[in-house]
Each structure stands twice: as C-alpha cells, then as structure tokens.
Amino acid sequence: MEELQKTNRRRFIKQSGVAMATLALSTSYIDAFAKGDLKRITILHTNDVHSRIEPFPMNGSRNQGLGGVARRAALINKIRAEQKNVLLLDAGDIFQGTPYFNLFGGELEMKLMSDMGYDAATMGNHDFDNGIGGFYKQLPNAKFPILISNYDLSDTIMHNATLPYKLFIKDGLKIGVFGLGIELSGLVDKKNYLETQYLDPITKGNEIAAALKNEHHCDLVICLSHLGYQYKENKVSDQVLAKETRNIDLIIGGHTHTFMNAPEDVKNLDGKITTINQVGWAGINLGRIDYYFDHKRNKKIQPATPYAISNYID
C-alpha cells in the first residue's frame, strides 16, 4: 500500500509538471494553437517490457501492482482520445521475463502490442532469446514494423523482414523513425543470432538520420535505440550517439532499464539539441513527449512537456 501511495504521489507530481509546462507556453504560441497554426505531435513510448503481461504481484516488492498491459492500454486509449496526432513506439526487449514468453514464445506479446496499436518497435538483445528463427516466427502476429538499421540480416531468415526506417504522416507533418541495436557478440549466444552482422551505430545513425532529414524532409527524426543510456566504459550509448550524430531530434532508449527523472537534452555535432528519454522497464511507466510545430514560422518547439507516467490507475 505504501508503495502504491508513493506511486500516486510520483504520478501527481509528473502530471502537475505537465500542467505547469503547458502554462509556460507563451501567449503568442497559445494564440497560434487556438488559430490552428500550431500543431502537436504526441510521442508515447515503452522499452524493455520483457513479457510483463500482468501487473507485478502484490507480494510486498517495490513494484507490486505496477505495470500490466490492461492498464497501459487504458492509458494509451485515454491519451489518444485527447490527442489526435499520436505515435506509439517501443525500443526493444519485448521478449523474456515471465512464463508467458516461455509458454507462447512471444506470440502474446506481439498480439497485445498490435491490439494496443503500436506504430513501430526495434529489436533488443533478448528478442533473440528463442533464436532469430523464434523472432521471425512471431512477426505475422505483429501489425507494426520492426525497425533496425544497424543489423545486417541479409544472410538470415530475417532478410527483408525488417525495415531500416519508416515515415509517418501526422496532420501534414512528416516523422521519420529508425532503429539501432546493441552489439550482440558477447551478449547473445552466437547460435541465437547466427549470421546477423552488427554495423557501427554512429555511422549508421548519421547515415539514416541525414537521409530522413535531408532527402525525405522529415519535420521530426526519432531513433529507437537499444544501445543503453550510459556506460562507465568506452561503449556506444545513447549519450554518445546524441553527441556524435546530426539530425536526430529524439532518442527513445532501452537496454539499461533506466528510469529517467526527466528527458536529457544533449548538443549534437551541429550544436543542436537531441533529446534522450527512457522509462525503465516492465511497462511500469509510459513515456510521453509532446512536440509542437509552428508551420507559419517553419519552427519546431518543444515546450518542456516530456514526462513519464505510471501505468498505475486508481
């Protein structure tokens, strides 16, 4: 009970923060929004859900009662009823962690994500836990694309089964989304990923983001990353990716199960802002970031409205 009360307090603080951020919009932008000159894109996201279909059991653990697909779906539906331009994305490790995966091999996870209307997801290292063939077997249950640009799958059963990126049009705005995965060698048994070739995520990230921004003229470029938020050792992370690339507006992270108190803004190679966010694991939180676009001024605005909201609902 105490933990649920703490969760409610956290939820109240986060939602209050959103209300204050909305008030922080200048009068000119409020007027622009009222006249229809300002458009809003709402990005909802998860990562490392790890087959958590039901809430954590009420056994006294710190996560008791949190998470669960039913509550997440209710929250997503509520936001979609309030906002017309919503994208729902996942940053990998859909599989592994509960008996549901052991019993059904990921079928239930893919079907439920499809029912919730996910727009895209990327691959995490645990998505190879039933082998690359096991993941491929579940793709017919996914009514959303798997985006991965730095795994060369051409010599595997997954050849042509994924996309490097996808374009979404919302209210006349173009959003480009692509995926980057972590190096599998030393993390995943070779027999599980077979001939999958890992490509440098910095090089590939720059290549794809440049194409999305300059060739496809995207208003917003989003990377679904399963690289991890940060490391002490010399290893590519979301922080490194943000600093060493151009043209990425938002990195939705995964792998390190990081509960970020707030998204982090990092200056990229051009001195522009790349925002990083990650919302822990097990579907406990649903990430949300609202971007505003003033098309008359040809300008993107992010008025401090990013936050993570708990799936716990009274």
Side-chain angles (χ1 to χ4, degrees), residues 7 10-19 21-22 40-50 52 55 63 66-69 71-80 82-83 85-94 109 112-113 116-122 124 144 147 168 170 175 177-180 220-230 237-239 241-242 248-266 273-292 302-313:
T7 300
R10 288 196 298 267
R11 182 159 57 96
F12 174 77
I13 289 168
K14 287 166 184 171
Q15 290 177 338
S16 297
V18 173
T22 302
R40 173 161 54 187
I41 302 294
T42 299
I43 309 298
L44 302 180
H45 61 94
T46 52
N47 60 274
D48 300 276
V49 176
H50 284 299
R52 176 54 58 181
N63 293 326
L66 301 182
V69 167
R71 288 168 177 166
R72 193 190 333 157
L75 192 52
I76 290 165
N77 289 339
K78 179 176 183 295
I79 294 168
R80 282 192 176 125
E82 298 166 350
Q83 309 296 337
N85 302 316
V86 176
L87 275 180
L88 177 59
L89 306 167
D90 184 84
D93 273 5
I94 298 166
E109 292 88 324
L112 288 171
M113 288 178 70
M116 283 184 280
Y118 272 78
D119 292 287
T122 194
F144 53 90
L147 308 179
F168 297 91
K170 296 284 184 179
I175 302 105
V177 184
F178 71 102
L180 292 173
L220 189 68
V221 174
I222 300 172
C223 174
L224 300 180
S225 163
H226 204 77
L227 298 171
Y229 170 59
Q230 65 178 356
S237 66
D238 291 339
Q239 288 184 329
L241 179 70
I248 301 174
D249 296 297
L250 173 62
I251 297 172
I252 294 173
H255 185 62
T256 47
H257 297 192
T258 306
F259 286 92
M260 296 180 68
N261 292 324
E264 178 181 3
D265 287 341
V266 175
I273 292 298
T274 295
T275 299
I276 303 169
N277 202 27
Q278 188 178 153
V279 289
W281 74 294
I284 291 172
N285 287 344
L286 176 71
R288 174 174 176 172
I289 298 182
D290 290 327
Y291 283 93
Y292 293 78
Q302 187 183 340
T305 59
Y307 64 112
I309 41 183
S310 170
N311 284 343
Y312 177 74
I313 300 173

* Asked: Considering only heavy atoms from C-beta outward, does the side chain of Asn85 approach that of Gln83 to under 4.5 Å?
  -> no

* Out of curiosity, Arg52 CZ to Thr46 OG1, how far, rounded to the nearest 0.5 Å? -> 14.5 Å

* How many angstroms lie between CD1 in Ile289 and CG in Asp249, if you round to the nearest 0.5 Å? -> 11.0 Å

* To do: Answer whether the closest heavy-atom distance between the side chains of Ile175 and Tyr291 falls below 4.5 Å.
  => no

* Backbone N or O of His255 within a donor-acceptor pair of the Asp48 side chain at under 3.5 Å? -> yes

* Under the side-chain contact (heavy atoms from CB on, under 4.5 Å) test, residues paired with Thr122 that sit two or more places apart -> Ile148, Leu224

* Counting distance only, does the side-chain N/O of Asn47 pair as donor-acceptor with the main-chain N or O of Val279 below 3.5 Å? -> yes

* Quick one: pull up CD1 in Ile284 and CG in Asn63 and give me the separation to the nearest 0.5 Å. => 3.5 Å

* Output all residues satisfying side-chain contact (heavy atoms from CB on, under 4.5 Å) with Asp238, sequence neighbours left out; order by chain, then residue number. => Ser225, Leu227, Ile251, Ile276, Gln278

* Asked: What is the minimum heavy-atom distance between Thr256 and Gly228, and which atoms define it?
  -> CG2-CA, 3.6 Å

* Asked: Within a strict 4.5 Å, meaning less than it, do heavy atoms of the Glu82 and Thr42 side chains meet?
  -> no

* To do: Kindly give the heavy-atom pair with the smallest separation between Ala91 and Gly253, and that separation in Å.
  => CB-O, 3.5 Å

* State, yes or no, whether a side-chain contact exists between Ile222 and His45 at a heavy-atom distance under 4.5 Å. => no

* So His257 and His50, side-chain contact (heavy atoms from CB on, under 4.5 Å) or not? Walk me through it. -> CA-CA 11 Å; His257 297 192; His50 284 299; 3.2 Å; yes

* Considering all heavy atoms, the nearest Ile41-Ile43 contact -> CG2-CD1, 3.7 Å

* **Interatomic distance, Ile76 atom CD1 to Arg71 atom CZ [nearest 0.5 angstrom]** => 14.5 Å

* Asked: With sequence neighbours left out, what residues match Ala121 under side-chain contact (heavy atoms from CB on, under 4.5 Å)?
  -> Asp90, Ile94, Met113, Phe144, Ile146

* Can you tell me how far OG1 of Thr275 sits from CG of Asn277, rounded to the nearest 0.5 angstrom? -> 8.5 Å

* **Evaluation steps, side-chain contact (heavy atoms from CB on, under 4.5 Å), between Asp93 and Trp281** => CA-CA 9 Å; Asp93 273 5; Trp281 74 294; over 6 Å; no

* Structure fact -> In this structure, CG of Leu147 is separated from CG of Leu180 (nearest 0.5 Å) by 10.5 Å

* Asked: side-chain contact (heavy atoms from CB on, under 4.5 Å) with Asp119: which residues, sequence neighbours excluded?
  -> Leu87, Leu88, Leu89, Phe168

